[in-house]
2 protein chains.
Amino acid sequence: MNRVPPDPPPPSSGTGPSPAAPVSSTSRAARRRATEGRVLDRARALFAERGFERTTIRAVAAAAEVDPALVMQYFGTKRNLFEQAVRAVPEPAAGAGTDDLPDRLLASLGLKLGGLPEGTLATLRSMLTDPTAAEHAREALGAQIASVAAALPADEDPELRAALAVTALVGITIGHQLLHLPALRDAPADRLAALLRPALAALTEPHPAGPAPGESAP
Amino acid sequence: MNRVPPDPPPPSSGTGPSPAAPVSSTSRAARRRATEGRVLDRARALFAERGFERTTIRAVAAAAEVDPALVMQYFGTKRNLFEQAVRAVPEPAAGAGTDDLPDRLLASLGLKLGGLPEGTLATLRSMLTDPTAAEHAREALGAQIASVAAALPADEDPELRAALAVTALVGITIGHQLLHLPALRDAPADRLAALLRPALAALTEPHPAGPAPGESAP
DNA sequence: CCGCTCGGTCAACGCTTGTAGAGTGAAGCG
DNA sequence: CGCTTCACTCTACAAGCGTTGACCGAGCGG
């Protein structure tokens, strides 16, 4: 009853030059992959825009110009479709010579304000109303927090500071990308970064040889 | 199948006085008000816990031990029920001798981390997936932002700074109250406040080394 | 050239949801 | 005491949802 499609090779993302594939350009398999990718794409966009519950299989199918039953045949379940659609690049591939913690934080969430992957937006959109998305978000956020905390001095509540920094950035992202608050939408990304850097520094650098400068002495 | 015998609503049991007592305390109107309040209460709690879509009229009615049709009769519409339930005390009544901006911000959102009104939680929970809640949230957040911005120097992007501060706190609240991130749940509220104060100060006080605006603290 | 495979469609089921309207029985008032 | 009122319940409906199984037609191996 529950036709689970055999693990297809991880699709999507990136030009997949089929290695040693003598398949013609529009062969049967190619078309199938294309359709599946299209469905996945539209699903991701709709999930990011409306969230899990308000996105119907029928709407996804219509957006991909296929029959609803086909979506079911491919993914078996709406939940599975969601998970497949969301499974896309959460990790910061950079990791190179990133300077401070604030910059890394901004890079991981803040700086991509202009365009962070739709899968992430879909998860953010649904995480407050869907248990699966909530679990996914808790997991991803927990990893982020742990990663940030690892770079903080161990004697000053690194986990808590990291959690505050990450969730604060999540809130800003929500206000910007999901709620479309005008005050945030009208600001260029680098301005946001410039304003946030000192605040994040204050969160992550406890007391660098005394209280922060500028504290008006009594 | 779900016959719920009407329990005696007033906790005044004991030696039952004769029902002939024309107790005005539990008059018809009083009972009606009590029922309506109970429905509103349960609705608020469920909306805060599951969000608008996943909260059904039937569930609210069951939690309030009444018939679903009664909920409809009282509120006419699920949307209306939501709006009535959410309409509750957003404004900080304090406003007294609050010192700095950071403290005021923390008071309005952060410090109440332990217990901020369920109506607010319901709005937060639903704002990403329900248009009405989103509008409500945009409105409330906009007011908050404007109020904070009014206390910032006018020449340094007050709206943007205020928006960043407010949305950051919203993110932290979400992570704490709605997502239940362990790193945040295990921390006492005053520790959060202590960590956040300098960060908020960094956000709201632009460059202390620079030319101080004429505003001098009394 | 035939028949199996398989991408894709059609029509339908069962369930839950918000919502409407008729009904009921006790409280209130004359 | 009898009529009205009103809080409250029962039953039902229409719509939308995820999901299913039968079906069709073109590709492709034999």
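Lettering follows sequence order; numbering is per chain, from 1.
Here C:dG18 presents its P atom at 11 Å from CD of A:Glu53, a figure rounded to the nearest Å.
Remark: B:Glu135 engages B:Arg138 in a salt bridge, criterion side-chain N to carboxylate O under 4.0 Å. Under a 4.0 Å N-O distance rule, the pair B:Glu83/B:Arg79 does not qualify as a salt bridge.
Across all strands, B:Arg32 comes closer than 4.0 Å only to sugar-phosphate atoms, never to a base (heavy-atom distances).
The side chain of A:Arg58 sits closest to C:dA12 out of C:dA12, D:dC8, C:dA20. The B:Lys78 side chain lies nearest to C:dT19 when the options are C:dC10, D:dG18, C:dT19. Distances from the side chain of A:Arg28 to the nucleotides D:dT19, C:dA27, D:dA26 place D:dA26 closest.
Within the structure, a side-chain polar atom (N or O) of A:Thr35 is placed less than 4.0 Å from OP1 or OP2 of C:dG8. Residue B:Thr77 places at least one side-chain N or O closer than 4.0 Å to OP1 or OP2 of C:dT19.
Residues A:Leu196 and A:Leu169 form a side-chain contact, since some pair of their non-hydrogen atoms from C-beta on lies under 4.5 Å apart.
Judged by closest nucleotide on DNA chain D, B:Tyr74 is the one of A:Pro68 and B:Tyr74 placed further toward the 5' end. Residue whose closest nucleotide on DNA chain D sits further toward the 5' end, between B:Gln73 and A:Phe52: B:Gln73.
Taking the six-membered ring for Trp and thresholds of 30 and 60 degrees, B:Phe82 and B:Phe47 have ring planes more than 60 degrees apart, a perpendicular arrangement.
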